[in-house]
Amino acid sequence: MPELPEVEVVRAGLVPAATDAVVTRVRVFDERSLRRHPGPAEDFIHRLTGAVLAAPSRRGKYLWLPVAESDEALVVHLGMSGQVLLRDPDAEIAKLTRIVLDMVQPGHGPVRLDFVDQRIFGSMALDELVPTGDQPGERVPRSVVHIARDPLDPHFDDRVFLDRLARRDTTIKRALLDQTLVSGIGNIYADEALWAARIHYDQPTRALSRARARTLLAEVRMVLAKALAEGGTSFDAQYVNVNGASGYFSHSLNAYGQQGLPCPRCGTPIVREVFMNRGSHFCPRCQRIRVPRSA
DNA sequence: CCGGACTCCTGGTTGC
DNA sequence: TGCAACCAGGAGTCCG
């Protein structure tokens, strides 16, 4: 599942081909990929055709391409299975392609942007850019306003995050996956960061000390940065899958999907449990729920 | 504020 | 070999 590192790899991969590109043609093969667009496909096509795109931005798992000299942006969310591919305009269109943008980039020339999405949880949409309020001049799509900054954002405020976390009466993995508290973390990197910090996924946040919360945040950053470094080097220049088809960096996972395999730290078999309708992978020895003595 | 249930969706895998 | 059931889960919404 694309999480922050995968989306960032896509964003970075799009910079040379999409910045200053003119959209010359828009094809929508499946309108369900426009579920979040406020209008019919014809509206999407009409407004996007002829638009000049600016450098792509990202917050958490959301990616957007501002439309130059306008208050709009093309918002892309990859959902569970979305991919953004840059192709030669003459290349064959793959089976699960939902939307295709033909573009011309000065210097780069003609290029085709394919939005491929098997499960159609992802989407493209045109949305209004609005000020963030806390950073002068900064704008994000309206549909992204409620998303918290991600831990790799230079304006992410550790203290604010730790304060908000401390006030939450919930469990830690639920909090990590709450994109309005901290963004960019999905199921894989939540499990990986919790493993690294030796915290059980169902640990009540009320019983999590500030020191351990700080450690967890540091591990989240490390896990994201490491995946980003690996993903960032795994795709080459031009007409490649900018989504990095490299299996989401699965070669360096310690807990996610490792059920039955020995914990890299202590050798105890990793356990998988269902939590929040998804798998949670953890070491039953290294990661135990801790409760205060008074509780 | 919190959590649970439900919805969206389909290719690949599993099980009979 | 055939086919149905099951699984993966990001995120929004509704409800108690």
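All heavy atoms count here, side chains included; hydrogens, waters and symmetry mates do not. Just so you know, these numbers come straight off a predicted model, no measurement behind them. To find a chain, count down the sequence lines: A is the first, B the second, and so on, and within it residues start at 1.
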Give a yes/no answer on whether the side chain of A/Gln118 brings an N or O atom under 4.0 Å of OP1 or OP2 in B/dT10.
-> no
To which residues is A/Val144 joined in a hydrophobic cluster, defined by side-chain heavy-atom contacts under 4.5 Å among Ile, Leu, Val, Met, Phe, Trp and Tyr, whether direct or through other members?
-> A/Tyr62, A/Trp64, A/Val75, A/Leu129, A/Val130, A/Val140, A/Val145, A/Ile147
Distance test, side-chain N/O of A/Arg278 to OP1/OP2 of C/dG10, below 4.0 Å | yes
Would you please confirm or rule out a distance under 4.0 Å between OP1 or OP2 of B/dC9 and any side-chain N or O of A/Arg35?
-> yes
Distance test, side-chain N/O of A/Arg32 to OP1/OP2 of B/dT10, below 4.0 Å = yes
Nearest-neighbour nucleotide for the A/His77 side chain, B/dC2, B/dC9, C/dG10 considered | C/dG10
Separation of atom CE in A/Met80 from atom P in C/dG12, rounded to whole Å = 15 Å
Candidates A/Glu219, A/Glu6, A/Lys226 - the one meeting side-chain hydrogen bond (donor to acceptor under 3.5 Å, both in side chains) with A/Tyr189 | A/Glu6
Test A/Asp102 against every option in A/Arg27, A/Arg87, A/Arg112 by the salt bridge (charged side-chain N to carboxylate O under 4.0 Å, His left out) rule and name the one that passes.
-> A/Arg27
Within less than 4.0 Å of OP1 or OP2 of C/dC7, is there a side-chain N or O belonging to A/Arg119?
-> no
Calculate the interatomic distance between A/Lys173 atom NZ and B/dG4 atom P; express it in whole Å.
-> 14 Å
Salt-bridged, A/Arg164 to A/Asp178, with N to O below 4.0 Å?
-> no
Ignoring backbone atoms, test whether A/Tyr189 places a side-chain nitrogen or oxygen under 4.0 Å from the OP1 or OP2 oxygen of C/dG10.
-> no
Atom-to-atom span, CG of A/Asp169 to P of B/dG4 - whole angstrom | 12 Å
According to a strict under-4.0 Å criterion, is A/Arg167 in side-chain N/O contact with OP1 or OP2 of B/dC1?
-> no
To the nearest 0.5 Å, tell me how far A/Leu34 CG sits from A/Ile99 CD1.
-> 4.0 Å
Please indicate whether A/Arg285 has more than 12 foreign heavy atoms, meaning atoms of other residues, nucleotides or ligands, lying under 6.0 Å from its CZ.
-> no
Mind checking A/Tyr256 for me? I need base, sugar-phosphate or nothing, with any heavy atom below 4.0 Å counting as a touch.
-> sugar-phosphate
What is the distance from CZ of A/Arg98 to C1' of B/dC9, rounded to the nearest Å?
-> 9 Å
Tell me: CZ of A/Arg174 to P of B/dG3, nearest whole Å?
-> 5 Å
Between B/dG4 (P) and A/Asp178 (CG): distance, integer Å | 14 Å
Of the nucleotides B/dG4, B/dC9, C/dA11, which has the atom closest to the A/Ile120 side chain?
-> B/dC9
A/Phe121 aromatic ring stacked with six-membered ring of C/dG10, 5.5 Å and 30° | yes
Distance test, side-chain N/O of A/Ser81 to OP1/OP2 of B/dT10, below 4.0 Å = no
Write down the distance between CE (A/Met124) and P (C/dG10), rounded to a whole number of angstrom.
-> 20 Å
Could you tell me whether A/Leu96 contacts a base, only the sugar-phosphate backbone, or nothing, with contacts defined as non-hydrogen atoms closer than 4.0 Å?
-> sugar-phosphate
Which is true for A/Gly279 with a 4.0 Å heavy-atom rule: it touches a base, it touches only sugar-phosphate, or it touches nothing?
-> sugar-phosphate
May I have the distance from A/Glu3 (atom CD) to C/dG10 (atom P), rounded to whole angstrom?
-> 6 Å
Pick base, sugar-phosphate or nothing for A/Arg272, based on heavy-atom distances below 4.0 Å to the nucleic acid.
-> sugar-phosphate
